[in-house]
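A short write-up of the structure that comes next.
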Amino acid sequence: MTTMTTGSDTLTRDALAVLQPGFTGTSAPDWLLRRIGEGLASVGLFGRNIVSAPQVAALTAQLRAERDDLLVAIDEEGGDVTRIEVRTGSSFPGNLALGAVDDVDLTREVARELGRRLAECGVNLNWAPSADVNSNPDNPIIGVRAFGAETGLVARHTAAYIEGLQAAGVAACTKHFPGHGDTNVDSHHAMPRIDVDLDTLHKRELVPFRAAIAAGSKSVMSAHILLPALDPARPATLSPRILTGLLREELGYDGLIVSDAVEMQAIAGTVGIERGSVLAIAAGADALCVGGGLADEGTVLRLRDALVRAVRDGDLAEERLADAAARVRALAAWTQRARGDVAAPGAAVQEGTAPGTGSDIGLVAARRAARITASPSWRPLEQAPYVATFTPVMNIAVSSETPWSIGGELAALLPGTESGTFGTDSSAADVLGAAGERRVVAVVRDEHRHPWMAAALDALLAARPDTVVVEMGVPRATPRGALHIATHGAARVCGRAAAEAIAGV
């Protein structure tokens, strides 16, 4: 168990307390357990740490043997971004699918079931939901992760998601403040810039965050984006004007502020992770996410020591670091109380979602989200088709391990279904050669953002007008084909819903 210390060790404990690091392996390494004993208050889980739900439960139990109030965080948005189901695809559709249905009760129920499953595994902080208004259709990093492009819709579903998740005893972390929707650059790779005036920012980007605050979101994640109307020099994560002036003082937010991953290039490639971590805490952040890419003890020690050194050199107020650490511990205390409340006799449990029983609410939502456009001659397939998946370069937030498309789901309904993947150098002739006489099902993702994909699909439809088209990204291109299905995401359940429509199930 944790050994409390006083004096100069308090500074070191506070520096460790504000870190949310990752690690490698499916059990906790010795160094991580040792640092938890020294004051580390949070740990982040990623796909590399996960094999199965029982394994995650054993892992979190191992971690909590060192510190019972440990925050165990995960990036489990559902939909395209899943860690718990990284190798199978998610049992829940993502935000865009929920926004397409526009039933806040459904969104709340989906989030509660997702939260129940996380809590059952011992996870108590979810770096979700995304509250970004996807106003830029060319956005390479948000897309289907947003509830939509309309401010009011995003706001009401953000609030519902938070309510559902936190009803299961899992703290929400609403992101990416003050809004990552109007960008065409991925902050994993470079510094995005949003050139809008303050009026637009308040009427569009900030509305969902106001709703999140009103709904009681326990944490908010900052974005590494530059907004010159607020701060022409520093991205939001490093800006006192944005984190303290806007979020804390103007919007009145009193919960935990978490930085997006400090090893992303918008920080690491500019000021560096050590300096960036100090600037983020000084600006008003309370916790630093790190570990998606850097997952070693050396990184933890570098950041700990940078924070301690900054306090001793007068570059970071000791009171600011202590306040940040206190907010982390306060959230940890909330999760303990929430865990007890959810587990208490007589606590409300949704029908069909008792521990260990599961729920098909994700598939129900995916079916409702599917938008189907059929030609007059369309008839469900009875023979096994050929599924041609046009694969773009993946969004870095989506794990490359996570399967997508509908081949497996369609094969379960139409045995003998075959599949192939096609990239930027592929042609319609390649697809036709692979398909032979089989009916073709073409699966695309964000066709409107990829001219090569649109051209290949046009040529394929010209040769085979009876082709079925499944769009698993943002559906902005004109529906075409004998049957067109917009799933509003590439989760496994979205693939299942599309396969059912194709097979007439």
Side-chain angles (χ1 to χ4, degrees), residues 75 77 81 94-96 98-99 104 107-108 111 125-136 139 141-143 145-166 171-183 187 192-194 196-231 234-260 280 283-287 289 327 331 397:
D75 194 4
E77 298 177 14
V81 179
N95 284 1
L96 189 64
L98 296 172
V104 292
T107 294
R108 190 178 295 108
L125 171 60
N126 191 9
W127 292 318
S130 291
D132 308 292
V133 179
N134 197 55
S135 56
N136 187 336
N139 196 315
I141 187 64
I142 302 301
R145 300 168 66 198
F147 289 109
E150 196 275 307
T151 299
L153 179 145
V154 173
R156 61 181 172 267
H157 286 277
T158 294
Y161 190 106
I162 291 164
E163 291 163 359
L165 188 66
Q166 294 186 169
C173 185
T174 306
K175 60 189 183 186
H176 305 82
F177 185 84
H180 210 312
D182 191 17
T183 61
S187 53
R193 177 186 175 106
I194 299 181
V196 298
D197 57 30
L198 287 177
D199 186 57
T200 300
L201 184 72
H202 279 276
K203 289 181 178 178
R204 188 178 64 188
E205 271 74 18
L206 294 181
V207 173
F209 289 98
R210 291 182 185 274
I213 293 169
S217 184
K218 293 299 176 181
S219 61
V220 168
M221 179 176 283
S222 67
H224 307 326
I225 56 177
L226 196 66
L227 291 98
L230 287 170
D231 189 331
R234 291 183 174 181
T237 296
L238 310 183
S239 171
R241 169 70 187 91
I242 295 175
L243 295 190
T244 299
L246 177 60
L247 183 54
R248 282 274 185 242
E249 297 172 358
E250 189 171 344
L251 300 186
Y253 183 63
D254 195 40
L256 188 76
I257 299 176
V258 183
S259 79
D260 207 342
D286 305 305
C289 176
R327 289 180 187 276
L331 179 58

Quiz item: Taking Ser219 for the side chain and Ala172 for the main chain, is one N or O donor matched with an acceptor at less than 3.5 Å?
Solution: yes
Quiz item: Only one of Thr158, Val154, Asn95, Ile141 clears side chain to side chain contact (heavy atoms under 4.5 Å, CB included) with Ser130; which?
Solution: Asn95
Quiz prompt | Inter-residue atom distance Leu247.CG - Glu249.CD, 0.5 Å rounding | solution = 10.0 Å
Practice problem: Quick one: pull up CG in Leu201 and CD1 in Ile194 and give me the separation to the nearest 0.5 Å. | Solution: 8.0 Å
Quiz item: Between Asp231 and Ser239, what is the shortest heavy-atom contact and its length?
Solution: OD2-OG, 2.8 Å
Quiz item: How many angstroms lie between CG in Leu256 and CZ in Arg327, if you round to the nearest 0.5 Å?
Solution: 8.0 Å
Quiz item: Ignoring hydrogens and geometry, is there a side-chain-to-backbone donor-acceptor pair from Lys218 to Leu331 under 3.5 Å?
Solution: no
Quiz item: Under a 4.5 Å cut-off applied to non-hydrogen side-chain atoms, are Pro178 and Glu205 in contact?
Solution: no
Quiz item: Can you name the closest pair of heavy atoms from Ala236 and Leu243 and give their distance?
Solution: O-CG, 3.3 Å
Practice problem: Kindly indicate whether the side chain of Asp75, heavy atoms from C-beta on, has any atom under 4.5 Å from the side chain of Lys175. | Solution: yes
Exercise. Indicate yes or no for a side-chain donor-acceptor contact from Asn134 to the backbone of Gly143 under 3.5 Å, with no hydrogens or angles considered.
Key: yes
Quiz item: Under 3.5 Å, side chain of Asp132 to main-chain N/O of His176, donor-acceptor pair present?
Solution: yes
Self-check item: Between CD1 on residue Ile213 and CG on residue Asp254, distance to nearest 0.5 Å
Solution: 10.5 Å
Quiz item: When rounded to the nearest 0.5 angstrom, what distance separates CG in Leu238 from CG in Leu226?
Solution: 10.0 Å
Quiz item: With distance as the sole test, does Asp260 use its side chain to make a donor-acceptor pair with the main-chain N or O of His224 at under 3.5 Å?
Solution: no
Quiz item: Would you find a donor on one side and an acceptor on the other, under 3.5 Å apart, between the side chain of Tyr253 and the backbone of Arg210?
Solution: no
Practice problem: Identify the heavy atoms of Leu165 and Ala171 that sit nearest to each other, and give their distance. | Solution: CD2-O, 4.1 Å
Exercise. State, yes or no, whether a side-chain contact exists between Val104 and His157 at a heavy-atom distance under 4.5 Å.
Key: yes
Quiz item: Which distance, rounded to the nearest 0.5 Å, do you find between the CD1 of Ile162 and the CG of Asn126?
Solution: 11.0 Å
Quiz item: If we only count heavy atoms from C-beta on, is the Thr107 to Arg156 side-chain gap below 4.5 Å?
Solution: no
Quiz item: Any sub-3.5 Å donor-acceptor pair from Thr244's side-chain atoms to Ala283's backbone N or O?
Solution: yes
Quiz item: side-chain contact (heavy atoms from CB on, under 4.5 Å) between Ile242 and Arg234: does it pass, once the steps are laid out?
Solution: CA-CA 9 Å; Ile242 295 175; Arg234 291 183 174 181; over 6 Å; no
Quiz item: Between Phe209 and Leu246, is a side-chain contact (heavy atoms from CB on, under 4.5 Å) present by the stated rule, with each step listed?
Solution: CA-CA 11 Å; Phe209 289 98; Leu246 177 60; over 6 Å; no
Practice problem: Over all heavy atoms of both residues, which pair between His202 and Val207 is shortest? Give the atoms and the distance, please. | Solution: O-CG2, 3.4 Å
Quiz item: When you measure from the side chain of Ser222 to the backbone N and O of Phe177, does any donor-acceptor pair fall under 3.5 Å?
Solution: no
Practice problem: Determine the minimum heavy-atom distance between Ala215 and Glu163, stating which atoms define it. | Solution: CB-OE2, 4.2 Å
Quiz item: Within the distance-only criterion (no hydrogens, no angle test), does the side chain of Glu77 pair as donor or acceptor with the backbone N or O of Arg145 below 3.5 angstrom?
Solution: no
